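To start, the structure itself, in structure tokens.
Count residues from 1 along the sequence. Since we're looking at a predicted model, the values are computed, not measured.
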Amino acid sequence: MKGVHSELGTLNFKQDQLESELVKLADSFADFVEADLKHKSLQLAETRQGNLKQDLQIKFGYYAEVRRMATGILQGVDTGVISEDTLRFTTEEVMIKAPGYWLAPALVSLSAWIRNDKITTEKALKEALKRDDYKTTLFFMMVMRRLTRNDASLKWLERYFMHQNPHNLDREFIIILEAVSTGVFPPASKQLMMINVKNWIDQLTQGDNFIDKQKSQWIKFFEALGPLPEGKYPLLEKFSTNWNSLENSLKEARTHDILNTHFKNIISSSSDFSKGIKVQLDEILSLLVTNFDDEELPLQEQVRLNQLIIQMDGDKAAAQAIMDAEKHIFDEKVDFLQLLTNASFNPELSGATKVTQALAVSISQPWILEAYDTFTAQCRNRIPQYVELSIDDFKTSTKDGSEENELLKEQETYYDKVLETELSKISFPYAAIIIGILICFLGFWAFSVHAILGIIGSGIGAVIIWSSISGYKKSKDKILETVEERKRKAKEVLRGCIAETVDYRIEHSTEDNNAEEVRNLISSITPEDFSSVSHETARSII
């Protein structure tokens, strides 16, 4: 029974080893499943993106064709190489190809106006205004300015502002804000813009809900910009029980440097005044007419989500986080503050330029700064105070790795107890030795009966005694060897974890220190930096 008990102790140890290997196998399998899911998500996103783009082409392909004609007609008139008949035929044809689309009759009206065909101009203009009064007004406001009809352009601008509601603005307004503030429109338009924008900001910022909503979106945007894991701390990743918290905290700290680069790139954007006003108006006009129409937005939103999944290598959660931060970009109508936030997040998706993004950030600076302070405070509150470790069932924690000697002593004590426990599972074979001694005595007695019988009996007794002691010694040596090997490996792992903890804390502190630099950068952004210099070197409108 004692021998069986000893073997059971050995089996228990082997079972523990087997369990540890199974845990490793389960972790590896989980990693494989995760990688496989990402790969499948990536393939599915690529397939879906292709199908969605094909749907866009089928449903709205003619829209794109009509859009391309807008600036083409203007540039063709500039060069004088397009005949009036060609211009008339081309524009009237799009009325058939794009039924219901506001830009088609707008182009017919523009073509007739160029030909001095007053009747057709008025009919087509009335139809364009009927289909979409707002966009037609916006279009002719830009065209009249491009053709240097400044008085007419100002009239269209006044009509344009009649459409505006600061609680319910179209996405294109941010581009007009930039165009007016940088002098693309006549100087008289700045006063009109200034009065409206100042009133809107005062009106919207009186209620806390609007500002809190923008702050919440900015915080989500900061969180979504965090970098992907780098696998820089493999031992902590494997042996730290709170690694997820440690990794997320480091990801948040690394975000500060990314934000620093992000805002520097934004504020470094500037208007290219080397271009003529006509060229800039063509570019803005092209942006406005090629911007997604309301009926296209649902498909464009799906295209964007699949594009993000591809960018994030199949990580749907990370892609959805960015999408959630950007989702208001696809809103058809937004308030003025939301419009600024959309242009700040992703100017391309909101139909703006980098210069527009810089201007939007400068106007939004007060609540961006508040959001960043909140984000920084949240990040610092979530920094784990201790690194929790579990190495071969030895559980401990360290704050910054400075307690290395104490932890090694704790580990030494732990394995002393492990050795003591394992040795207690085997007992000295007293019963077997006593039996062997008794058999030896019987063998000695048997000499009086027969010498051979005595030798056999004594030999059997001696073998039992020797095998019992030898088996006990082997079991003891095996336990000593096993525990010593475990202790050696665990000691190496502990030292490695401590070294990684030191590096982790240093990196975390260094990354966190970047927060002050980012805060100073955001604090230094003012609207004057982006709206005071223009073609007419006009004053800031904000």
Side-chain angles (χ1 to χ4, degrees), residues 34 38 212-266 308-309 311-328 341 344-346 361 364-389 397-401 497 499-523 525:
E34 183 180 1
K38 286 184 178 180
D212 289 342
K213 181 181 176 182
Q214 305 313 312
K215 286 167 57 179
S216 176
Q217 289 183 51
W218 274 103
I219 291 172
K220 289 182 179 179
F221 178 73
F222 296 153
E223 293 172 345
L225 277 186
L228 294 173
E230 297 179 356
K232 192 174 180 180
Y233 303 100
L235 291 178
L236 290 181
E237 185 175 354
K238 184 176 182 180
F239 295 102
S240 176
T241 56
N242 63 335
W243 171 247
N244 288 338
S245 299
L246 293 167
E247 184 178 44
N248 290 335
S249 181
L250 184 59
K251 175 184 175 182
E252 290 173 340
R254 286 171 175 165
T255 304
H256 297 304
D257 187 55
I258 295 176
L259 290 174
N260 191 29
T261 303
H262 178 75
F263 283 111
K264 281 183 177 178
N265 289 338
I266 289 176
L308 288 172
I309 293 174
Q311 288 179 1
M312 304 307 290
D313 292 328
D315 191 338
K316 294 177 68 176
Q320 190 62 54
I322 299 176
M323 191 67 184
D324 290 342
E326 293 180 350
K327 64 181 179 180
H328 294 288
T341 300
S344 301
F345 283 174
N346 197 319
V361 167
S364 309
Q365 184 264 359
W367 52 89
I368 294 177
L369 187 60
E370 289 184 30
Y372 183 70
D373 287 341
T374 301
F375 170 73
T376 303
Q378 289 177 353
C379 292
R380 289 173 176 171
N381 288 335
R382 289 196 288 258
I383 297 175
Q385 297 300 309
Y386 291 91
V387 177
E388 307 289 342
L389 298 173
S397 63
T398 176
K399 189 171 185 178
D400 54 14
C497 288
E500 288 189 2
T501 299
V502 173
D503 294 340
Y504 174 89
R505 292 299 187 192
I506 292 173
E507 181 183 4
H508 197 293
S509 178
T510 302
E511 296 289 349
D512 183 70
N513 289 337
N514 291 327
E516 194 61 30
E517 184 179 352
V518 179
R519 192 183 192 284
N520 292 335
L521 178 63
I522 297 175
S523 301
I525 300 174

Do you know the tightest heavy-atom contact between [X] and [Y]?
X	Y	value
Val502	Asp400	CG2-O, 3.5 Å
Gln214	Trp367	CB-CD1, 3.6 Å
Thr376	Ala515	CG2-CB, 4.0 Å
Phe222	Thr255	O-CG2, 3.2 Å
Glu252	Arg382	OE2-NH2, 2.7 Å
Ile525	Gln365	O-CG, 3.5 Å

Nearest-0.5 Å distance, [atom1] of residue [X] to [atom2] of residue [Y]:
X	Y	atom1	atom2	result
Thr510	His256	OG1	NE2	12.0 Å
Asn513	His508	CG	NE2	11.0 Å
Leu389	Thr241	CG	OG1	7.0 Å
Ser364	Lys215	OG	NZ	13.5 Å
Gln320	Leu308	CD	CG	9.0 Å
Asn244	Lys251	CG	NZ	11.5 Å

Verdict with reasoning, Glu500 to Val387, per side-chain contact (heavy atoms from CB on, under 4.5 Å): CA-CA 10 Å; Glu500 288 189 2; Val387 177; over 6 Å; no
Quick one: do Asn260 and Asn514 satisfy side-chain contact (heavy atoms from CB on, under 4.5 Å)? Show the steps, please. CA-CA 8 Å; Asn260 191 29; Asn514 291 327; 6.0 Å; no
Could you go step by step and tell me if Leu250 and Tyr233 meet the side-chain contact (heavy atoms from CB on, under 4.5 Å) rule? CA-CA 11 Å; Leu250 184 59; Tyr233 303 100; 3.8 Å; yes
Residues which pass side-chain contact (heavy atoms from CB on, under 4.5 Å) with Lys238, listed by chain and number, not counting sequence neighbours: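 Lys24.
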For Ser240, give me all partners under side-chain hydrogen bond (donor to acceptor under 3.5 Å, both in side chains), at least two apart in sequence or on another chain.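 Residues passing side-chain hydrogen bond (donor to acceptor under 3.5 Å, both in side chains) with Ser240: Asn242.
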Give me the ring orientation class for Trp218 and Phe345: parallel if the planes are under 30° apart, tilted from 30 to 60°, perpendicular past 60°.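 Perpendicular.
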Does any N or O in the side chain of Ser216 come within less than 3.5 Å of the main-chain N or O of Asp212, such that one atom is a donor and the other an acceptor?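 Not a single qualifying donor-acceptor pair exists.
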Under the 3.5 angstrom rule, does the side chain of Tyr504 hit a backbone N or O of Leu236 as a donor-acceptor pair?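 No.
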Per the salt bridge (charged side-chain N to carboxylate O under 4.0 Å, His left out) rule, what does the pair list look like for residues 502-512, sequence neighbours excluded?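 Listed by first then second residue: Lys232-Glu507, Arg254-Glu507, Arg380-Asp512.
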